[in-house]
Undergrad: 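Before we start, here is the structure in question, set down as structure tokens.
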2 protein chains.
Amino acid sequence: MEERKISRAVISRLPRYYRYLGELSEEGVERISSKELSERMKVTASQIRQDLNNFGGFGQQGYGYNVRYLYNEIAKILGIDRQHNVIIIGAGHLGQAIANYANFERRGFLIKAMFDVDPNLFGKTIRGARVYSLDNLEKFISENDIQIAALTIPKTRALEIAERLTKSGIKAIWNFAHTDLIVPYDVVVENVHLSESLMRLSYRVSNIDAPPFEGKYD
Amino acid sequence: MEERKISRAVISRLPRYYRYLGELSEEGVERISSKELSERMKVTASQIRQDLNNFGGFGQQGYGYNVRYLYNEIAKILGIDRQHNVIIIGAGHLGQAIANYANFERRGFLIKAMFDVDPNLFGKTIRGARVYSLDNLEKFISENDIQIAALTIPKTRALEIAERLTKSGIKAIWNFAHTDLIVPYDVVVENVHLSESLMRLSYRVSNIDAPPFEGKYD
DNA sequence: TAGATTGTTAATCGATTAACAATC
DNA sequence: TAGATTGTTAATCGATTAACAATC
């Protein structure tokens with residue numbers, strides 16, 4: 001399908017382009033040059049053009065990029081132009097925070113159910129997603145065409161649940177557990193390790209950087 | 001203070017080293033070579049040695065690294081050997097999830113208070129952290145020596161709150177709002193953009209990679 | 001001492017930036 | 001057409017990996 005290997009760095013930047021294009025679109029901006037966009041986003045115009053040209057020529061010489069068109073094309077590249085059925089494993093605060101976030105639905109991520117071990121939560125419903133016992137996990141996945149699972153459980157049980165998920169045919173795990181999962185090569189794991197993020201912040205507060213440039217800040 | 005500029009990539013990897021060393025320590029492992037660690041972590045031994053040597057020679061030829069010692073040294077580098085006073089802006093599910101996460105306290109991040117606009121939440125207490133009105137923000141920060149603020153509010157209000165935070169002397173913002181903050185150069189912003197993480201996952205599910213190597217998986 | 005493994009220099013690889021011909 | 005700006009090649013920069021002398 002794809003012509004050549006796209007680097008992880010490029011993919012990481014796509015959602016940010018998407019966000020800025022969405023904002024431009026809401027502002028009513030119809031076209032934008034890589035130079036203007038680069039000034040807004042504080043990246044080089046070269047990088048924007050290089051990144052986009054990994055996926056095709058979306059611009060036009062002398063004109064720039066059509067905001068709405070580019071926005072839609074990036075949505076296609078990211079695969080958020082279609083629907084993904086999602087379940088959340090762990091109905092604690094983090095699981096509930098994810099379930100409550102309406103924007104995910106706007107991007108095509110439909111939360112179909114939540115699973116927990118705590119019987120007090122069974123039957124509770126968050127934005128239409130009901131909490132079930134983990135005993136029903138495999139059955140629900142196969143009967144409801146679930147592709148993505150968000151894992152918001154303690155790391156002690158994460159590996160075991162990840163194995164059950166992949167055996168049930170899950171294609172991707174959004175992993176909030178503080179551990180590295182072991183999965184078959186064709187299953188995607190996207191880690192959100194909050195404690196590692198907080199430690200990076202800690203490093204940076206503790207070793208305050210020099211000013212990035214000599215110019216003036218407004 | 002620091003001798004030379006440490007790259008962002010190196011800093012990003014430190015918390016993961018820290019996690020693995022903590023696990024090794026719990027397993028009772030006293031020493032480990034860069035080669036053994038590299039096999040566990042699935043990185044090159046060269047990278048481990050290069051990364052660590054940015055901060056000093058923690059190992060010993062012919063022996064390797066003392067697990068407990070290296071663990072403690074990385075804690076110092078990351079600044080998690082001391083205490084940081086934290087407040088959470090936004091007492092919704094995400095804010096509560098963070099407040100409830102006991103591990104942060106173990107790393108020296110003490111959650112001193114939460115702030116919200118919803119009067120129904122005022123007075124509520126989560127693991128000792130009370131929810132206050134945002135009206136009290138500046139006063140609380142200055143009176144309680146707060147260095148770090150976690151921002152778990154909608155993006156519409158994020159910029160305005162970020163400005164109030166930095167004007168009150170906050171040194172770092174852990175930003176969960178889906179927007180890029182504008183802060184003075186000496187204020188650290190660590191972004192956790194969950195929707196961007198989910199889009200990266202979406203890209204990878206939609207463009208399933210080829211197997212990373214030809215060997216066998218166990 | 002001999003073997004193991006670091007710390008560090010050198011080589012390679014990949015990503016970013018610059019430059020510019022193509023073209024709208 | 002002339003001006004603007006892309007798409008793309010070339011140059012630079014930085015990060016990763018390999019190699020090995022130093023040394024425990």
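These numbers come from a predicted model, not from an experiment. Lettering follows sequence order; numbering is per chain, from 1.
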Undergrad: Kindly state each residue pair satisfying salt bridge (charged side-chain N to carboxylate O under 4.0 Å, His left out) with at least one member in residues 50-67 of chain B, sequence neighbours excluded.
TA: R13(B)-D51(B)

Undergrad: How many Å lie between NZ on K35(A) and P on dA4(D), as a whole number?
TA: 11 Å

Undergrad: Quick one: is S34(B) getting a side-chain N or O under 4.0 Å of the dT6(C) phosphate, OP1 or OP2?
TA: yes

Undergrad: Determine, step by step, whether L194(B) and F104(A) satisfy the side chain to side chain contact (heavy atoms under 4.5 Å, CB included) criterion, reporting the C-alpha distance in whole Å, the side-chain angles of both residues, the deciding distance to 0.1 Å, and the verdict.
TA: CA-CA 10 Å; L194(B) 293 183; F104(A) 292 148; 4.3 Å; yes

Undergrad: I6(B) CD1 to dG14(D) C1': how many Å, rounded?
TA: 14 Å

Undergrad: Scan residues 14-32 of chain B against DNA chain D and write down, sorted by residue number, each residue with any heavy atom closer than 4.0 Å; if none is found, say none.
TA: none

Undergrad: Please pick, from dG7(C), dT5(D), dT16(D), the nucleotide with the shortest atom-to-atom distance to any side-chain atom of N53(B).
TA: dG7(C)

Undergrad: Here's a test of your reading of the structure: between G59(B) and S7(A), which maps to the more 5' nucleotide of DNA chain C?
TA: G59(B)

Undergrad: Which residues pass the salt bridge (charged side-chain N to carboxylate O under 4.0 Å, His left out) test with E26(A), sequence neighbours left out?
TA: none

Undergrad: Not counting sequence neighbours, which residues clear salt bridge (charged side-chain N to carboxylate O under 4.0 Å, His left out) with R31(A)? List them please.
TA: none

Undergrad: Taking atom P of dT6(C) as reference, at what distance in whole Å does atom CG of N66(B) sit?
TA: 13 Å

Undergrad: Who pairs with V67(A) by side chain to side chain contact (heavy atoms under 4.5 Å, CB included), at least two apart in sequence or on another chain?
TA: L21(A), L24(A), S25(A), V29(A), I32(A)

Undergrad: Not counting sequence neighbours, which residues clear side-chain hydrogen bond (donor to acceptor under 3.5 Å, both in side chains) with N100(B)? List them please.
TA: H93(A)

Undergrad: Which letters describe nucleotides 17-24 of chain D, given B = protein heavy atom under 4.0 Å from base, S = only from sugar-phosphate, - = neither?
TA: BBBB-BBB

Undergrad: Between D51(A) (CG) and dT6(D) (P), how many Å, whole number?
TA: 14 Å

Undergrad: Run the salt bridge (charged side-chain N to carboxylate O under 4.0 Å, His left out) test against E105(B) and tell me which residues pass, sequence neighbours left out.
TA: none

Undergrad: Mind listing the side-chain donor-acceptor pairs of residues 55-66 of chain B below 3.5 Å, one per line with the distance, residues two or more places apart or on another chain?
TA:
residue, atom, partner, partner atom, Å
N66(B), OD1, R68(B), N, 3.1
N66(B), OD1, Y69(B), N, 2.8

Undergrad: Hey, can you pull the donor-acceptor pairs under 3.5 Å for the side chains in residues 175-183 of chain B, sequence neighbours left out?
TA:
residue, atom, partner, partner atom, Å
N175(B), OD1, A177(B), N, 3.0
N175(B), ND2, A177(B), O, 3.4
N175(B), ND2, T179(B), O, 3.0
N175(B), ND2, N191(B), OD1, 2.8
H178(B), ND1, Y101(A), OH, 2.5
D180(B), OD1, R19(A), NH2, 3.2
D180(B), OD2, R16(A), NE, 3.0
D180(B), OD2, R16(A), NH2, 3.0
D180(B), OD2, Y20(A), OH, 2.5

Undergrad: Please tell me if the side chains of I48(B) and T44(B) come closer than 4.5 Å, counting only heavy atoms from C-beta onward.
TA: no

Undergrad: Run the salt bridge (charged side-chain N to carboxylate O under 4.0 Å, His left out) test against R127(A) and tell me which residues pass, sequence neighbours left out.
TA: none

Undergrad: Rounded to whole angstroms, how far apart are CG on L70(B) and C1' on dT5(C)?
TA: 15 Å

Undergrad: What is the distance from CD1 of I48(B) to P of dT8(C), rounded to the nearest Å?
TA: 17 Å

Undergrad: Quick one: does any side-chain atom of E163(B) pair with a main-chain N or O of E160(B) as donor and acceptor, under 3.5 Å?
TA: no

Undergrad: Roughly how many Å is it from CE in M41(B) to P in dT16(D), rounded to a whole number?
TA: 13 Å

Undergrad: Just to be sure I follow the notation: if a pair is Watson-Crick (purine N1 to pyrimidine N3 plus N6-O4 or O6-N4) or a G-U wobble (N1-O2 and O6-N3), each under 3.5 Å, what dot-bracket string does DNA chain C give, with | for pairs to another strand?
TA: ..||||||||||||||||||||||

Undergrad: Is the shortest side-chain N/O distance from Y65(B) to OP1 or OP2 of dG7(C) below 4.0 Å?
TA: yes

Undergrad: From OH of Y69(A) over to P of dT6(D), roughly how many Å is that when rounded to an integer?
TA: 15 Å

